[in-house]
Structure formats: C-alpha cells, structure tokens
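What's counted below: heavy atoms across the whole structure, side chains too, no hydrogens, waters or symmetry copies. Not measured: the values here are computed from a predicted model. In what follows, every chain begins at residue 1, and chains take the letters A, B, ... in the order their sequences are listed.
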There are 2 protein chains.
Amino acid sequence: MSEPKTDPRILRTRKLIMDSFIELSEEKEFKDITIKDITSKAMINRATFYYHFQDIYDLLERALSEVLLINLDYSTYGESELNNEDFVSIFKAIADFQQSLSHRCHRGYEDTIARIIREQLYVIFFKMLQKKHPNEKEKTLKLTATMLSWGIYGASVEWRKNNSSMAPEEFIESAIPFIKQGIEL
Amino acid sequence: MSEPKTDPRILRTRKLIMDSFIELSEEKEFKDITIKDITSKAMINRATFYYHFQDIYDLLERALSEVLLINLDYSTYGESELNNEDFVSIFKAIADFQQSLSHRCHRGYEDTIARIIREQLYVIFFKMLQKKHPNEKEKTLKLTATMLSWGIYGASVEWRKNNSSMAPEEFIESAIPFIKQGIEL
DNA sequence: TCAGTTGTGTTGTATAAACAACATATCCAA
DNA sequence: TTGGATATGTTGTTTATACAACACAACTGA
C-alpha cells in the first residue's frame, strides 16, 4: 500500500505538455517542433519542461507509452490475454502515432523514433508474455518480445509505405495468425 | 506604458477555470454546478479558485464578459462603430450563453444571472457610446446604455421563450433599425 | 426536530512553477 | 570563416498553487 500521491500540479503540467506535443505533431513534423513551441502552447515556462523531461526524446518516449497504454484495454492488459484485439489495438496505436508524427519524410530522426517505438513495444510485450507464460525462461520471453516489437514496428513501416490505403485494423488482421503461432512458444 | 506583466500561471489557471465552467454549463444547469466540479475538471485545488474569484457569481460575471469580448470584433470595439454587426454579435453571444447556462428552468437564480448579464452589457454599451458620442453628456449616455442593455437582454428572453425556433442572428435583425434610431441621440 | 451529508469560504505552511540570467550548441548567410 | 540568430540545457530566487484543517451554512430524510 501507501502510494506517495503525486502533486496534482505535476500531473496537470505533464498533461498540458503531452497534449500540446500531440497537437503540434499533427500540425508539423517532429524535427521542426521546438521545446519553446510546446511550452508556449502548454502555457508553461520552458524551464519547467526540463523539470519533467530530460529532453524532447524523453517526451516522445513517454507520450508514446501513454498513447499505447490508453489504447490498450486496461483490464485486458492486467489480465494478460495478449489476444487478437490487443494486437490490433497496439498496431493501430503505433500506426496512428507514426501518422501524426511524420507528415513528411524526416531523415535523421527516423532511427531515433523507431528505436523509441520498439523499446516501448518491447516493454509492453514482455510484461504481457510474463503474465501469460509465468513459467517460461526469462531469456525466451525477452527474445520473443524483441521479435514481436520488431515485427509489429516493421508492419507499421510497411503500412505507412502503402500510405494508409487500408485501415490499420484491416492491414494487421491478416498477419495475426502467424504472430500468434509464434508466441505460443 | 509599463504593464506589470501578469504571471503566466495566473492566466493559465483562470483559463482552465473558465473553460471548465463553460464546458460544465453545457452539461448541466447553473444551479447544479459546484466549485468542486469546476476545480476538479480544471485540475486545480478548490482553494485556488478562491484566490482568483470571490464566488461562483464572480466567475459567471467574468466568464460572460470574456465571452462577449471574444465575440466582438476587437478592432471594431476599439473603433467604436456600434454598427449592425456589433449588435448581432452581442445578441448572439448573449443568446448562446444563456442557452448553454440554462438547459432547464432554474428558479431563484434567474434574477442574479439576468442582473449580471445586464451589467456586462451596460459596461460594453457605455464604452462604445462614449467613443461614438464623446461630446454628449455622460448622464445621457448612461441612460442610453441602460436602455440598450435591458432591451437586448429582454430580446434574448423573448428569443428563448420561442425556444430558438429562429437563429439568434435572424431574430435580432428585425429589431436593429429601431435600436439604431434610438442611439442616434 | 435533529443528525448526517454536502457545499462554501478561509488560513498557515510546503512545494511546483516562473523568471532571469547564463553557458553552450547549431545553423546559416555574408 | 565569422558573427548573428536561434535552440538547448542549467541554476538560484520569487511566487502561485496544493494541502490539510477548520468553521459554518444549506439541505435531507428519518
């Protein structure tokens, strides 16, 4: 028990920053977004940004994990089903997020963003696998999570290449049987 | 010169409060809105509300004047035209505001709200009249502003009685010639 | 009628956020 | 190449906000 209870000001400020960042991402591409842009929109001081985030990549990372968690059904996440709906919603979240991040090509940042996305996916998959297969060796679960994170990310790259001629849900649907085969271990 | 520059936190907090109040007004009627409702939605402490506003009526008052000023074309307001468009936009703002405030009848608060609305209208009309007729006696301008505020408010009551079967713009249009005759002094 | 609940308004103290000033890095055009 | 402009981080001090606790008013239903 005994949660420390975070100060509401902290929650509010982080929310303001994240929301502003998401909105800005829909307006222009990642590399053109400055800290000042974000803090102006959020109506907070630039120095306060650094009180909460190390840099803009830290923000990206946390915004992404936020988006992923929100899109996942919390109860399902807790219950560790890792079923079809989970894959679809994770993929959809990633696809949407990338869509909003990159309105145009942006060389030189893709790698960083890609890494961050994969890391977040990895964390989520690993947790879910741990609950689904509690007796499996950690090494195996980690490897599976790694492969899943790369696989899902790759699928989103592929989807983006076809320029969303298909809904993300529809796109990933066909791949799910193969994924599920893989994770039965 | 020399503006004191208000602390951004103050501006931000007031905005959060006002926005939350406006949103809540669209969900339920005025008498059912508590300070806690507002501050929860705004993610601020209840005590902070009292740092900025005396009570909920003070908030109502300032939210209203905010709404009115935003709906008025700033440049026009500065230039003191007091023309047809001004009347239409003021009436529309009042009508919309009342619409959002009172989703159902709420006895016992109507008088207070009505008074607040008229007071705000009075202030705006008086300022505009002063600029349009700088040489006129103050007493005359005040009386005119009073009559205009009551008149416009009365029109909004009448409009609401017909339950918005007509757009506010259309409704007030027909009355404008008579109003304008009155203010030529 | 009265007790329980809910809302209002206030106060002293702890803390997050604003600010200004600074150093450093990056970029770009002259 | 240089210098001006713009962006990133950092720090010490001031100030707005959170919090907890309180008194009190208004309502409710038993």
Checklist outcome for this item: When every non-hydrogen atom of D37(B) is compared with those of K28(B), the smallest separation belongs to OD2-NZ, 3.0 Å

Next on the checklist: I'd like to know if the side chain of S156(A) reaches the main chain of Y153(A), judged simply by a donor and an acceptor atom lying under 3.5 Å from each other, with no hydrogens or angles considered.
Outcome noted: yes

Next on the checklist: Taking the six-membered ring for Trp, are F30(B) and Y57(B) closer than 6.0 Å centroid to centroid?
Outcome noted: yes

Checklist outcome for this item: B/S/- along nucleotides 12-28 of chain C (protein heavy atoms under 4.0 Å) is ---BBBSB---------

Item to check | Distance in angstrom units between F53(A) CZ and dG9(D) P, rounded | outcome: 14 Å

Next on the checklist: Could you walk me through whether K41(A) and E27(A) satisfy the salt bridge (charged side-chain N to carboxylate O under 4.0 Å, His left out) test, starting with their C-alpha distance in whole Å, then the side-chain angles of each, then the deciding distance to 0.1 Å, before giving a yes or no?
Outcome noted: CA-CA 13 Å; K41(A) 184 159 222 161; E27(A) 291 168 18; 2.9 Å; yes

Checklist entry - In whole Å, what is the span from the CD1 atom of I56(B) to the C1' atom of dT8(C)? => result 11 Å

Checklist entry - Looking at F87(A) versus F91(A), is the centre-to-centre ring distance below 6.0 Å? => result no

Checklist entry - To the nearest Å, how far apart are L59(B) CG and dG9(C) P? => result 12 Å

Checklist entry - Between dT8(C) atom C1' and I38(B) atom CD1, what is the distance in whole Å? => result 12 Å

Next on the checklist: Can you measure K36(B) atom NZ to dA18(D) atom P for me and round it to whole angstrom units?
Outcome noted: 10 Å

Next on the checklist: Could you tell me how far apart D32(A) (CG) and dA7(D) (C1') are, to the nearest whole angstrom?
Outcome noted: 13 Å

Next on the checklist: Would you say CD of E169(A) has more than 12 non-hydrogen atoms from neighbouring residues, nucleotides or ligands within 6.0 angstrom?
Outcome noted: yes

Checklist entry - Within the pair Y50(B) and dT10(C), is there a side-chain N or O less than 4.0 Å away from OP1 or OP2? => result no

